[in-house]
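These values consider heavy atoms only, across backbone and side chains, with no hydrogens, waters or symmetry-generated copies. The shown structure was predicted, so the numbers you read here are calculated from the model rather than taken from an experiment. Positions are given from 1 along the sequence.
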Amino acid sequence: MAPLYQEYFGLDRPPFDKAVLDSELWLPSGKQDLVEDILDALRARESVLLYGESGVGKTCVLRVLRHRIGNDGFRLTYCHNAPLGRRDFYRQLCRALALPDASTAGALVHTLASHVQDLRTERLHPVLLLDESHLLPQETLDVLHLLMNYDWDSLPLLSLVLIGLPELHERLALRRNRSLYSRLTRRLRIEPLAPEDTAQYLRTRLRRAGCERDLFTPAAVIALHEAVGGAMRELDRLAQAALREAARHKRRLVDVEHIQTLLHASG
C-alpha cells in the first residue's frame, strides 16, 4: 500500500525511497567529477582512496561507478564487511582475483605466485572495492601493502578502492601505512551537498516520482540543507518526513514550519 502522502501529492512512487536504480541516481557535478576521476584511475590500473563524512554520498558514487563501468574490461568485487577475519578476507581477495580460495597469508602468496601470469594476461582487470575501510584491522592493511608491492612493484595485479570516513585518510598517512598510502594514486575527498545541489536534488527526485512542480518552498529547502549539513542520506529521511507532515495538515507545499516541527520533535 502506498503512503498517504504519495496519494495526496499525486506521486507515482515515494520520491526519496532507497529503491532507486543505479541508472536513475542523481549526482551533483562535483560528485560526477569524482566518478570520472575513479574511472580514469581504474583505466590506468591505479588504486584509489575515497573518503568523506557519513551520509555525504559515498555509496551513491559507488553505485553510479558500477553502472558506468559495466563489463567494460573490469571485474568488480564489492566488499562491505570491512572487519572480516583474516581467513574470510583472504578468501574475498581470491574471489576478486578469480583464484582458488586461500585462508592464510602464506597460501595467498603461493596462490598469487602460481597464477600471476594468468592474471596478467586476463582481459578483465580486477577491481576490489573495500567499503567502511576505516574499520579495517591493521593486519589487513599490512596484507594490502604486500599485495600492492607484489613482484618488485611492477604491473599491478588489481586496482584497490578503499572507501571510508575521514579517519581512514588519517590512518593511512601514519608512518606504518605510508607504503600503502603512496600506492593509492588518487586520493579523493567527497564533500557534502552545496545549497544549490540540495534544491536540484529535491527537484530531480520529485520529477522522477511524477511531480513536475516544486513541493518545497525556497525557505524549506534552505532549512532542510542547514538541518542535514549537506548529507544526502539524512536529506532523504527528513524530506520524506516533511512530505508526510505537510500532507497531514492538508498543505499543498512543504514550508519551513514543517521542517521546524520535525526538528523540534526529534531534538
Side-chain angles (χ1 to χ4, degrees), residues 30-31 33-59 61-62 65 76-97 99 102-113 115-116 119-120 125-192 231:
K31 291 181 173 58
D33 290 343
L34 284 178
V35 173
E36 294 297 334
D37 284 342
I38 298 172
L39 281 171
D40 186 57
L42 299 183
R43 290 177 183 130
R45 305 300 192 253
E46 296 173 349
S47 291
V48 178
L49 168 63
L50 177 66
Y51 65 100
E53 297 292 348
S54 178
V56 296
K58 295 187 292 295
T59 301
V61 167
L62 295 181
L65 174 69
L76 213 61
T77 301
Y78 175 71
C79 180
H80 69 278
N81 190 8
L84 287 172
R86 280 183 297 176
R87 292 186 177 184
D88 288 333
F89 177 74
Y90 296 150
R91 294 190 185 103
Q92 187 79 34
L93 190 54
C94 285
R95 287 166 190 166
L97 292 166
L99 298 175
S103 57
T104 66
L108 175 63
V109 172
H110 175 75
T111 300
L112 287 172
H115 295 82
V116 63
L119 286 168
R120 288 182 171 171
H125 180 64
V127 177
L128 179 59
L129 302 167
L130 283 178
D131 207 351
E132 307 293 340
S133 288
H134 55 279
L135 300 176
L136 284 171
Q138 182 59 47
E139 60 189 11
T140 301
L141 292 178
D142 292 340
V143 170
L144 292 176
H145 156 236
L146 294 174
L147 183 68
M148 302 294 286
N149 195 33
Y150 190 79
D151 198 14
W152 292 54
D153 212 13
S154 57
L155 186 68
L157 299 179
L158 83 165
S159 289
L160 184 66
V161 182
L162 297 183
I163 307 105
L165 297 178
E167 47 261 43
L168 171 62
H169 183 267
E170 296 168 7
R171 281 188 68 192
L172 291 171
L174 295 175
R175 184 178 182 84
R176 177 170 182 174
N177 298 316
R178 193 65 60 85
S179 183
L180 172 60
Y181 185 61
S182 68
R183 289 171 172 80
L184 297 170
T185 313
R186 311 287 178 103
R187 301 158 192 172
L188 308 173
R189 182 181 179 96
I190 184 167
E191 300 291 349

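Residues forming a salt bridge (Lys or Arg N to Asp or Glu O under 4.0 Å) with D40 (at least two apart in sequence, or on another chain): R186. Applying the side-chain contact (heavy atoms from CB on, under 4.5 Å) test to L34 and every residue at least two apart in sequence or in another chain returns L50, L188, I190. By the salt bridge (Lys or Arg N to Asp or Glu O under 4.0 Å) test, E53 is found to be paired with no residue, residues two or more places apart in sequence or in another chain being considered. Among residues two or more places apart in sequence or in another chain, the side-chain contact (heavy atoms from CB on, under 4.5 Å) test is passed with T185 by E46. The side-chain contact (heavy atoms from CB on, under 4.5 Å) test applied to E170 returns E167, not counting sequence neighbours.
Of all the heavy atoms in L49 and Y181, the pair that sits closest is CD2-CE1, 4.1 Å. Considering every non-hydrogen atom in both G52 and P166, the closest pair reads O-CD, 3.4 Å. For the residue pair L168 and I163, the shortest heavy atom distance occurs at CD2-C, 3.9 Å. When all heavy atoms of L184 and L160 are compared, the closest pair comes out as CD2-O, 4.4 Å. Across all non-hydrogen atoms, the minimal contact from K31 to G57 is CE-CA, 4.3 Å. Heavy atoms only, all atoms of each residue included: S54 and A231 are closest at O-CB, 4.3 Å.
The shortest distance between side-chain heavy atoms of L162 and L144 falls below 4.5 Å. You'll find the side chain of L42 reaches within 4.5 Å of the side chain of V161, heavy atoms only.
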Review point. Going through the checks in order, is the side chain to side chain contact (heavy atoms under 4.5 Å, CB included) test met by L165 and K58?
Key: CA-CA 10 Å; L165 297 178; K58 295 187 292 295; 4.1 Å; yes
Exercise for review: Any chance you could lay out the side chain to side chain contact (heavy atoms under 4.5 Å, CB included) test for I38 and V61, step after step, and finish with the verdict?
Suggested key: CA-CA 10 Å; I38 298 172; V61 167; 4.1 Å; yes
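One distance of note links OH of Y78 with CG of L130; it measures 10.0 Å at 0.5 Å rounding. Rounding to the nearest 0.5 angstrom, the gap separating the OG atom in S179 from the CG atom in L172 is 11.5 Å.
Applying the ring-ring contact (aromatic ring centres under 6.0 Å, His included) test to pairs two or more places apart or on separate chains, those with a residue in residues 34-53 are Y51-H169. Among pairs with a residue in residues 171-182, those fulfilling salt bridge (charged side-chain N to carboxylate O under 4.0 Å, His left out) read D142-R176, at least two apart in sequence or across chains.
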